[in-house]
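Structure first, commentary second.
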Amino acid sequence: MLISLIVPCYNEEGSLPILYEALCNVRREDTSPDRSYEFVFVNDGSRDKTAQIIKSLAESDKSVKYVFFSRNFGKEAAMYAGMQKAKGDYIAILDADMQDPPSLIPQMIQDLDTGDYDIIAARRVTRKGEPMIRSFFARRFYKMINRMCDIEIADGARDFRLMRREVVDAILSLTERQRFSKGIFAWVGFRTKWVEHENVERAAGETKWSFWKLFRYAVDGIVSFTTAPLRLATYSGFFFAFLGFAYLVYYFIRAIILRIYNEVPGYPSLLCFILFIGGLILMCLGILGEYIGRTYIESKGRPIYIPSEESKD
Ligand code: UDP
Ligand code: MG
């Protein structure tokens with residue numbers, strides 16, 4: 001039985017040697033004779049020495065496979081490429097920076113061997129060492145997306161998971177370009193066991209995610225997995241149309257029956273309404289735009305990534 005470990009790498013020259021050491025440890029400590037390992041490194045257009053490091057690893061170790069991208073396509077694309085490349089019966093994805101502890105892998109393999117589960121997924125129970133504001137918005141995001149979508153996305157869920165071949169084939173069959181893996185993993189279903197671990201800080205280098213990159217990612221996640229925001233636009237449209245009509249009736253009655261004519265003092269309220277509704281219209285247009293933009297990008301049918309170099313099998 002073959003076990004594939006996929007590692008997306010973007011500027012990870014500092015952490016790669018440490019990670020490779022840890023992966024070798026996992027392999028060494030596995031005493032089962034019918035299990036072999038392959039390591040699939042995906043170099044997502046790194047600008048540092050990541051490519052050279054991967055190549056030299058591949059030269060000295062037959063089980064190191066790799067895919068290089070022609071530029072940076074993002075972690076989602078890198079995971080997709082890794083899953084395409086991986087040949088294993090069990091397939092795991094883990095970060096290069098040791099934040100997904102490789103030491104959990106042997107236990108995950110055992111859990112999958114029991115046959116009770118198809119996916120063993122890791123989850124952070126703490127966000128220790130992370131900026132407070134980031135944790136706060138991350139929590140809000142999970143609350144919100146779970147309320148709006150039919151699928152359940154666990155808070156603190158990482159992309160770190162060990163899956164059966166069937167699960168990976170299902171994930172590969174979703175070929176959308178705007179990939180939001182946390183949603184895709186949940187969407188394909190299957191029986192999942194969660195293993196929990198503490199947050200681990202990066203071994204070397206720094207995170208590739210700025211606050212705004214994460215914010216974009218959150219919007220991507222919501223827009224790819226639910227059309228609920230469109231409904232929000234419709235509902236608020238109805239609400240304000242009704243309010244406007246009620247307002248109209250009110251003034252009509254005041255003028256015709258009670259004979260109170262409004263003078264200039266109505267001006268502030270009028271301004272408020274115009275501004276408010278104007279803002280609302282812009283918001284709804286923005287929501288529409290997000291979806292139309294997405295349709296446009298998907299309709300071009302471009303590949304998810306462009307490989308520039310690949311290891312032979
Ligand atoms: N990564 C990637 N492409 C990118 C950004 C990140 O392949 O454009 C990889 C990165 O090398 C690491 C993993 O994705 O192995 C997670 O990235 P990072 O540690 O920066 O994210 P964080 O752990 O802070 O969420
Ligand atoms: Mg990390």
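FYI, the numbering just counts along the sequence from 1. Atoms within each ligand, like the ligands themselves, are counted from 1 in listed order.
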Where is the nearest protein heavy atom to [atom]: which residue, which atom, and how far?
atom: atom 9 (C) of ligand 1; result: P8 O, 3.7 Å
atom: atom 24 (O) of ligand 1; result: T207 OG1, 2.6 Å
atom: atom 20 (O) of ligand 1; result: K208 N, 2.8 Å
atom: atom 18 (P) of ligand 1; result: R202 NH1, 3.3 Å
atom: atom 16 (C) of ligand 1; result: D95 OD2, 3.2 Å
atom: atom 11 (O) of ligand 1; result: E12 OE2, 2.6 Å
atom: atom 25 (O) of ligand 1; result: W209 CD1, 3.7 Å
atom: atom 1 (N) of ligand 1; result: Y10 CB, 3.8 Å

What do you reckon, is NZ of K62 surrounded by more than 12 foreign heavy atoms closer than 6.0 Å?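 Check fails, neighbour count at 12 or below.
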
Please say whether more than 12 non-hydrogen atoms of neighbouring residues, nucleotides or ligands are located less than 6.0 Å from NZ in K213. yes

[X] charged N/C atom sitting above [Y] aromatic ring, 6.0 Å / 45°:
X: R71; Y: F73; answer: yes
X: R140; Y: F136; answer: yes
X: R161; Y: F185; answer: yes

Atoms in ligand 1 flagged as close to [X], the criterion being non-hydrogen separation under 4.0 Å:
X: D97; answer: 19 (O), 23 (O)
X: C9; answer: 7 (O), 11 (O)
X: D44; answer: 2 (C), 3 (N), 4 (C), 7 (O), 8 (O)

With a cut-off of 2.8 Å, does D97 place any N/O/S atom under that distance from the Mg ion (ligand 2)?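 Yes.
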
Which class fits the ring pair Y20 and F41: parallel under 30°, tilted 30 to 60°, perpendicular over 60°? tilted

In this structure, would Y235 and I222 fall into the same cluster of hydrophobic residues linked by side-chain contacts under 4.5 Å?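 The answer is no; the residues belong to distinct hydrophobic clusters.
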
Indicate, as side chain, backbone, both or neither, the part of N72 found under 4.0 angstrom from ligand 1 when only non-hydrogen atoms are considered.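 It is the side chain that gets close, since no backbone atom is under 4.0 Å.
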
Apply salt bridge (Lys or Arg N to Asp or Glu O under 4.0 Å) to residues K193 and D111 and explain how you reach the verdict. CA-CA 8 Å; K193 179 181 177 177; D111 286 345; 3.3 Å; yes

Could you tell me if the side chain of M79 sits less than 4.5 Å from the side chain of I6, heavy atoms only?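 A side-chain contact under 4.5 Å is absent here.
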
Option of least heavy-atom distance to atom 14 (O) of ligand 1 (set: E76, K75, Q99): K75

